[in-house]
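Just below is one structure, and these are the notes that go with it.
Side-chain atoms are counted along with the backbone in the values below, which use heavy atoms only and exclude waters and symmetry mates. Numbers restart at 1 for each chain; the letters A, B, ... are given by sequence-line order, proteins then strands.
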There are 2 protein chains.
Amino acid sequence: MIQDTAVSDLERPLTPRALEVVSAAREEFAAFGYAGATTDAIARRAGVSQPYVVRLFGSKERLFLRCALEAHRAVMDTFRQAIASTDERPVRESVLGAAYHDLVEDGTTLKLIVQQNSMGDDKAIGPVVRAWFLEVYGILRHEAQLSEVSAREFLARGMLINQLLALGLTETEDPGSKELLHYLAPTGERPAPGR
Amino acid sequence: MIQDTAVSDLERPLTPRALEVVSAAREEFAAFGYAGATTDAIARRAGVSQPYVVRLFGSKERLFLRCALEAHRAVMDTFRQAIASTDERPVRESVLGAAYHDLVEDGTTLKLIVQQNSMGDDKAIGPVVRAWFLEVYGILRHEAQLSEVSAREFLARGMLINQLLALGLTETEDPGSKELLHYLAPTGERPAPGR
DNA sequence: GTCTATATAGCGATAGAC
DNA sequence: GTCTATCGCTATATAGAC
């Protein structure tokens, strides 16, 4: 069970080495989830010993929380930068969509978000991820000033993209799946040069 | 790692007792995922001993695959029944939405789907869930005959609902979250008697 | 068909050397 | 700051009794 960890602890500055471990942890947690990832795999990916990973962060739980908070902030910062880039209100959805595309490109962040969102029944992290989710929705509604319907539809498209990323459908060559990837294009409309 | 298991094995008929274990397993896997769930918790929930759970299905993996296949079929059957209930083509989205609402009510099935969809990086189950996802999309496109855009938007709304379910946001009293739950209403429009 | 007892392995965490 | 050695727990799986 993930314990209550002070945010200040999660924001403690890290040595370059520790940052490499966080990076490795993000990949492992994004791919296999909190329960499925192992500190050993994280250590091997980072090129350090397993006990050192635990030593650096106190526990697997605290390392996970740091990764999770980082992913959440990446999403919020991305939207806030997009919102700050224009004076239009409501912010055009294509502006927000283009910002989201940046998150899609790194891949890991959104896959980690999917893992977090599947932990609603976890006693400790459940309340946290619920609050985070509502926080993102709040940004769309009150900072980007999207209507109720627009915010919901935008969020829904985001959730589909997240699922496609988590599933790994963005890397298949399946012809039938190509049309499903439409939302992943950088902007709403693509030129479609050939036809 | 989840091994290759013949479908015939997953369809072997079960004794009433074994069905109770499957039911318990579905709940545990839906809440905590494949890695996070334990055969011990499944056994306790079903009121049997832990070794008996393993004995009944051979391994935790095979039990999970049975639960996963069951959830996938529940989704497909639900859509196919809705499609068969009308001659209109494309099928009206409200008809499909109402059918989806039945799945929302039991809760477990869609939470299990979310867990499965977060296992794209699993060597054995990844390819399976990718195929299943495309199968559902195929039903929307070619059996319900939704347009590319309609199918995608409908699927996107479904993914948002799934996330809200997995997060447990359907059970909160948070006033700011209420408007987000709009899609969970039985039909598109609600009377809203009070205002 | 179902249990108790137990083997076996994997993993997170600790101790202590360098 | 980082490693090696290792502990102790937990979890899956097996053996065998009833």
Please work out if [X] contacts a base, only the sugar-phosphate, or nothing of the nucleic acid, heavy-atom cut-off 4.0 Å.
X: A:S49; answer: base
X: B:V48; answer: sugar-phosphate
X: A:A35; answer: nothing
X: B:A41; answer: nothing

Protein-nucleotide distance ([X], atom [atom1]; [N], atom [atom2]), rounded to Å:
X: A:K60; N: D:dT10; atom1: NZ; atom2: P; answer: 14 Å
X: B:L14; N: C:dG1; atom1: CG; atom2: P; answer: 11 Å
X: B:D40; N: C:dC3; atom1: CG; atom2: C1'; answer: 14 Å
X: B:E20; N: C:dT2; atom1: CD; atom2: C1'; answer: 13 Å
X: A:Y52; N: C:dC11; atom1: OH; atom2: P; answer: 22 Å
X: B:F57; N: D:dT14; atom1: CZ; atom2: C1'; answer: 18 Å
X: A:R62; N: C:dG12; atom1: CZ; atom2: C1'; answer: 13 Å
X: B:R55; N: C:dA5; atom1: CZ; atom2: P; answer: 16 Å

- Task: Determine whether any donor atom in the side chain of B:Q50 lies under 3.5 Å from an acceptor atom in the base of D:dA11, or the reverse, and answer yes or no.
- Result: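 Counting by modelled atom types and ignoring angles, no donor-acceptor contact under 3.5 Å is found here.
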- Could you check which of C:dG1, D:dA13, D:dG1 has an atom nearest any side-chain atom of A:T15?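 The listed nucleotide nearest to A:T15's side chain is D:dG1.
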- Item | Per A:T38 side chain, nearest of listed nucleotides D:dT14, C:dC11, C:dA13 | C:dC11
- Message: Is A:R17 close enough to D:dT2 that one of its side-chain N or O atoms is under 4.0 Å from OP1 or OP2 there?
- Response: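 For D:dT2, OP1 or OP2 has a side-chain N or O of A:R17 closer than 4.0 Å.
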- Task: Would you tell me if any nitrogen or oxygen in the side chain of B:T39 comes within less than 4.0 Å of OP1 or OP2 on D:dT12?
- Result: yes
- Residues A:L165, A:V114; criterion side-chain contact (heavy atoms from CB on, under 4.5 Å); working and verdict: CA-CA 9 Å; A:L165 272 168; A:V114 169; over 6 Å; no
Check this for me, if you would: do [X] and [Y] make a salt bridge, where the nitrogen-to-carboxylate-oxygen distance has to be below 4.0 angstrom?
X: B:R130; Y: A:D174; value: no
X: A:E148; Y: A:R152; value: yes
X: A:E11; Y: A:R66; value: no

- Message: If you assign each of B:P51 and B:A18 to its closest nucleotide in DNA chain C, which residue comes earlier from the 5' end?
- Response: B:A18
- A:T78 side chain to A:A74 backbone, donor-acceptor under 3.5 Å: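 Such a contact is found between A:T78 side chain and A:A74 backbone.
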